[in-house]
Amino acid sequence: MTGSPMVITRLRGAFVLLATVLLSVGLVAPTASAAPPSRSDIESPAHRIVEQAIDPGDYVCGPTALDAYFEELLGQLTESDLEFLLTTEALDIPTYDALLFGTASDPEYALEGQARQLQNTFRDLRRFWDIDSSDIQLLAMHGDVLLDVDRVARVLVVAFGYTEADAAARAQYIADTVASVPAFQGGDNPIFTLNAFAFSGEGETDPLFASIPDKIIMGDGVIDFLEAIGIGDVGPRLVLAHEFAHHIQFELGLFDSPLTGAEATRRTELMADAYATYYAVHARGLALNTRRVLEAEQTFYEVGDCFFDDPGHHGTPQQRMRASAWAAALANDARPQGAILSAEAFAALFDAELPELVAPDA
């Protein structure tokens, strides 16, 4: 039996999942991803670019650090291993398990890599931004869930629509394969958890997803990736700040805009980049060195993608850097010194700047 995952209409990630990266190296065809709500009751300055078609020839875009990292991971796998990844639910199970069943109080979902630093940053983000964030849970997803037959079966039933009997057999097959293939590292291969995302059930029509509390979920693979490319000191905190920014957008209704499709997602992702950078360099935020923050972002913003027509388009690396540099300057120029913009005021300034941030750069 095969199944397809339920649609999560408000899932937003800082990093693309494996299917997108496999697309970039030509292994699979693109699939549709959930787009942010496009209805808006007020007009944003961004309306000037609503009708502009994105022309890939106008933008600098190319191979990224994430591409190279994934090519290294994929190079360790055989064709049989790749077929397993592409024909089973193994790549999705850690995500759905944490989303549907994880809680911040459950040790199965506790942060591991840089846990103390991320918890401290999470508390600070709640203090810094003027939204109600008391209900947001921060937790992790771990690839070793793939070895737990009962948990895998539970996900297959709830998220993929398997029967109990089929789920049990499928879960056993997945667990046995992950345990027996050395390259899968018992689920600890970063390929299974190279994602971080924010989720809110607000506005969901499916009762299952509507009942899920607000979450930020950090995959172990994200921490591994950031450390592998040399920005483990700054990167995880910036990713967390980016995901927290999506909760700002949930709270303030900022997913609504005149934009649609790829351009709508690009706007919200670039805005989250900007929120994260503003917090990171602000004197009352992380107060990190601006040059170091932008250097780190230059490295991992290479995750910026070139899928201009895909509803999950995050913006090119250049656009993500522009958004971050703009936000850093805004934080450093704060007057009076140390003043923090409200989250709503920040969004208004960003929308006014957006046409410049996404202007052609080739």
Side-chain angles (χ1 to χ4, degrees), residues 11-17 21 64-66 68-70 73 94-95 98-99 102 104 109-129 133 136-144 188-199 214-248 269 272-282 285-304 314 317 320-321 323-324 327-328 331:
L11 190 63
R12 296 291 175 268
F15 291 88
V16 291
L17 288 170
V21 179
T64 70
L66 184 61
Y69 183 72
F70 256 107
L73 293 180
T95 296
L99 176 64
Y109 304 94
L111 294 166
E112 293 179 356
Q114 304 200 18
R116 179 175 295 180
Q117 186 180 74
L118 289 173
Q119 289 286 6
N120 289 341
T121 299
F122 184 52
R123 284 192 292 269
D124 196 50
L125 281 161
R126 286 171 149 174
R127 173 198 60 80
F128 186 86
W129 291 114
S133 56
I136 303 173
Q137 297 186 35
L138 173 63
L139 57 151
M141 58 172 159
H142 308 301
D144 62 4
D188 289 337
N189 187 312
I191 210 166
F192 293 112
T193 55
L194 211 161
N195 195 26
F197 63 89
F199 179 84
D214 287 358
K215 294 180 180 181
I216 294 175
I217 299 177
M218 299 284 292
D220 291 339
V222 168
I223 309 300
D224 292 339
F225 166 63
L226 296 172
E227 291 177 345
I229 63 174
I231 56 172
D233 59 329
V234 174
R237 287 179 286 175
L238 291 172
V239 170
L240 175 56
H242 175 107
E243 298 310 327
F244 192 93
H246 285 314
H247 278 289
I248 296 174
E269 292 298 332
D273 290 338
Y275 271 121
T277 303
Y278 181 82
Y279 160 74
V281 304
H282 198 287
L286 290 178
L288 297 176
N289 177 272
T290 299
R291 180 176 178 180
R292 177 56 184 150
V293 169
L294 294 179
E295 284 176 349
E297 289 173 335
Q298 180 70 62
T299 300
F300 79 76
Y301 280 173
E302 288 188 355
V303 174
H314 279 44
R320 300 189 75 175
M321 275 306 300
S324 293

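Nothing fancy with the numbering, it's 1 onward along the sequence.
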Partners of [X] by side-chain contact (heavy atoms from CB on, under 4.5 Å), sequence neighbours excluded?
X: Asp188; result: Asp144, Gln185
X: Ala241; result: Leu125, Ala276, Tyr279
X: Arg123; result: Gln119, Asn120
X: Ala280; result: Leu238, Leu286, Leu288, Val293

- For Thr277, which residues count as a side-chain hydrogen bond (donor to acceptor under 3.5 Å, both in side chains) partner, sequence neighbours excluded? Glu297, Ser324
- Message: Taking side-chain hydrogen bond (donor to acceptor under 3.5 Å, both in side chains) as the definition, give me every residue that meets it alongside Thr290, ordered by chain and number, with sequence neighbours left out.
- Response: Asn332
Of all the heavy-atom pairs spanning [X] and [Y], show the shortest one and how long it is.
X: Gly113; Y: Leu118; answer: O-CD1, 3.8 Å
X: Ala274; Y: Ala327; answer: O-CB, 3.2 Å
X: Phe122; Y: Leu240; answer: N-CD2, 3.8 Å
X: Gly102; Y: Lys215; answer: O-NZ, 2.6 Å
X: Met141; Y: Phe197; answer: CE-CE2, 4.3 Å
X: Ala272; Y: His246; answer: CB-CE1, 3.6 Å

Can you measure from [atom1] ([X]) to [atom2] ([Y]) and round to the nearest 0.5 angstrom?
X: Ile216; Y: His242; atom1: CD1; atom2: NE2; answer: 10.5 Å
X: Thr121; Y: Arg237; atom1: OG1; atom2: CZ; answer: 5.5 Å
X: Phe192; Y: Thr95; atom1: CZ; atom2: OG1; answer: 11.5 Å
X: Tyr109; Y: Gln137; atom1: OH; atom2: CD; answer: 11.5 Å

- For Tyr275, which residues count as a ring-ring contact (aromatic ring centres under 6.0 Å, His included) partner, sequence neighbours excluded? Trp129, Phe346
Listing, residues 217-230 side-chain donor-acceptor contacts under 3.5 Å, not counting sequence neighbours, or none:
{"residue": "Asp220", "atom": "OD1", "partner": "His142", "partner atom": "ND1", "Å": "3.2"}
{"residue": "Asp220", "atom": "OD2", "partner": "His142", "partner atom": "ND1", "Å": "2.6"}
{"residue": "Glu227", "atom": "OE2", "partner": "Gln114", "partner atom": "NE2", "Å": "3.3"}

Under the salt bridge (charged side-chain N to carboxylate O under 4.0 Å, His left out) test, residues paired with [X] that sit two or more places apart:
X: Arg291; value: Glu295
X: Glu112; value: none
X: Arg126; value: none

- Item | Phe244 and Leu138: CA distance, side-chain angles, deciding distance, side-chain contact (heavy atoms from CB on, under 4.5 Å) verdict | CA-CA 10 Å; Phe244 192 93; Leu138 173 63; over 6 Å; no
